[in-house]
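Each chain gets a letter, A, B and so on, in the order its sequence line appears, and its residues count up from 1.
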Amino acid sequence: MLRSEQKPFEEILGYLEGEDKVFIVGCDGCAQASQTGGLPQVLEMKERLEGEGKTVSGCSVVDFLCQKALVASRLRPLEDTIMESDSLLALCCGVGVQTVAAMVKKPVHPGCNTINLGGSRGEWQGSERCMECGDCLLEYTGGICPLTVCSKGLRNGPCGGASNGKCEVSPEKPCGWELIYARLKETGRLDVLKTFIPPKDWNKMRPRPEMLSTSMWALEQMDTLREGGTV
Amino acid sequence: MALKETLDGGKFAVTTEVGPLKGTDISEIMELAEILNGKVDGVNVTDQQSAVMRLGSLAACSILVEKGLDPVFQMTCRDRNRIALQSDLLSASVLGINNVLVISGDYPTLGDHIDARDVYDLDSEQLIWTINRMNEGYDLAGNELQGKTDLFVGAVVKPVSDTDESFELQLTMMEKKISVGARFFQTQAVYDVEVFERFMKRAVQFKVPVLAGVIPLKSAGMARYMNKNVSGVFVPEHMIDDMARAKDKVATGLEIAAQLMRDLKDLSQGVHIMAIGWEKKVPDILRLANLA
């Protein structure tokens, strides 16, 4: 499982600056369990965005946003609504954002940061990877993670090492930044490349002590206890 | 004249570079310092070039300062975290080094310590940004420096790319590097002046000096090797043929380099000669190019 937490609302609003219509996608898998992207959080986000004068063109909660087949089957009937929107807001882990961004030719804003679990990586279904860095940059990189897709994990742009679109580290690997460029071009967002990403706080990538528990059961227990509920 | 003064004065700048050896023998750098003194505006010292472990750029730059040259301290983001990078920048300032060139750095697997862990705590844009903060008197954590740096910051750009994505990205990165404080650029080696002109038509809008890279060819084999293995280097076939046919390969290689420099003079604000073993011949190339 991947744990996520919602980004501060102001940060999300900043991503939506200059846009009116946004389509919200949530995830009934890990994000639901993290209480960051299940139906209640999606509806709450809808209300808050509408309170800020945004139009929420639609919402959808998919069982597992990391699985392309499920994403396709749930979003295809809503294609017209989605394509009429300015962008999508994905309330889920970094894998989910990347999966949706890979499938929909629209900007996909990350609504959450993925928290590091110190080694537990969840079960991935496609080629998207999330490093659980705790400070999601997918807003600036076309929904393709530069930490995982670039061999050097460069945040601001490519090095000078690529040849014929391939990485200097391995000729079998595409240059991640050329993929990011192509995605941003496709979605008309090349301007975000000019945004300077300041030095990263790597502490956010370290697992918090309570996340080092080895059993999923213990994590679930913790959530229940925090809310004062009973199992 | 010092590099910054030359560029600030709008004069055509000439820089070259030296690569420290693996070991403590500094006789070659001492000799090159004598040969290059007064001939060039700046001398880059590479930083663990091609990810091969050698004497550090900082120490070699310091030797050049003592010998009266104006070194350009090359810094890659590969080997040091932000603490070490900032500390070395303070050290460079204290040692009288005026210029820094920021590079991402070849990946460790391209070098001779292939099992090394890469760092990239800062990327090159972030390092340029950091140096400018230090020039303003603050470290990355926001602490005030007791004595600030006054470093002239340069960056690199690849003017020729094999994909449109890469070409456009290089221009965008150039713009971003300037926005965080890059004051000059040195480029990958250029062999096709027309292609370079196409790049400069786009880059001229940034109004930051560009020093075009020149690597003298030593043989047709070297040219083919670079075409195959060095990103951003494209030696045209006719030049490879010239080298293959040449009786005197040294004279032909130097003449091609000199001709390139004469052609690049009207298109760029300077040249950066990467002689790769032919450092002692740099004064000869400059004479041939009418730049001595």
Checklist line | Side-chain (A:K152) to main-chain (B:S104) donor-acceptor, under 3.5 angstrom | finding: no
Is [X] in contact with chain A via its backbone, its side chain, both, or neither, using a 4.5 Å heavy-atom distance?
{"X": "B:L122", "answer": "both"}
{"X": "B:N229", "answer": "neither"}
{"X": "B:L127", "answer": "neither"}
{"X": "B:E125", "answer": "both"}
{"X": "B:S166", "answer": "both"}

Take atom [atom1] of [X] as the centre, draw a 6.0 Å sphere, and report whether it contains more than 12 heavy atoms from other residues, nucleotides or ligands.
{"X": "B:Y225", "atom1": "OH", "result": "no"}
{"X": "B:I83", "atom1": "CD1", "result": "no"}
{"X": "B:K218", "atom1": "NZ", "result": "yes"}
{"X": "B:Q205", "atom1": "CD", "result": "yes"}
{"X": "A:K105", "atom1": "NZ", "result": "no"}

Supply the atom-to-atom distance [X] [atom1] to [Y] [atom2], rounded to the nearest 0.5 angstrom.
{"X": "B:T163", "Y": "A:K166", "atom1": "OG1", "atom2": "NZ", "value": "11.0 Å"}
{"X": "A:C159", "Y": "B:Y120", "atom1": "SG", "atom2": "OH", "value": "7.0 Å"}
{"X": "A:R183", "Y": "B:E165", "atom1": "CZ", "atom2": "CD", "value": "13.0 Å"}
{"X": "B:T172", "Y": "A:L193", "atom1": "OG1", "atom2": "CG", "value": "5.5 Å"}

Notebook entry, point to check: At a heavy-atom separation under 4.5 Å, does A:W202 approach chain B through its side chain, its backbone, both, or neither?
Noted result: side chain
Closest non-hydrogen atom pair, [X] against [Y]:
{"X": "A:R155", "Y": "B:Q126", "value": "NH2-OE1, 3.1 Å"}
{"X": "B:M173", "Y": "A:P158", "value": "CG-CD, 3.7 Å"}
{"X": "B:Y107", "Y": "A:S151", "value": "CE1-O, 3.8 Å"}

Closest-packed option against chain A by number of heavy-atom pairs under 4.5 Å, given [options]:
{"options": "B:D106, B:L140, B:V156", "value": "B:D106"}
{"options": "B:D121, B:V230, B:D164, B:V157", "value": "B:D121"}
{"options": "B:D118, B:V180, B:T109, B:T130", "value": "B:V180"}
{"options": "B:E175, B:R78, B:Q188", "value": "B:E175"}

Note to self: Apply side-chain contact (heavy atoms from CB on, under 4.5 Å) to residues A:S163 and B:D162 and explain how you reach the verdict.
What the structure shows: CA-CA 7 Å; A:S163 284; B:D162 39 24; 4.1 Å; yes
Notebook entry, point to check: Would a 4.5 Å heavy-atom cut-off, applied to side chains only, mark B:S179 and A:K194 as touching?
Noted result: no
Checklist line | Between A:N164, A:T195, A:L179, the one whose heavy-atom pairs under 4.5 Å with chain B are most numerous | finding: A:N164
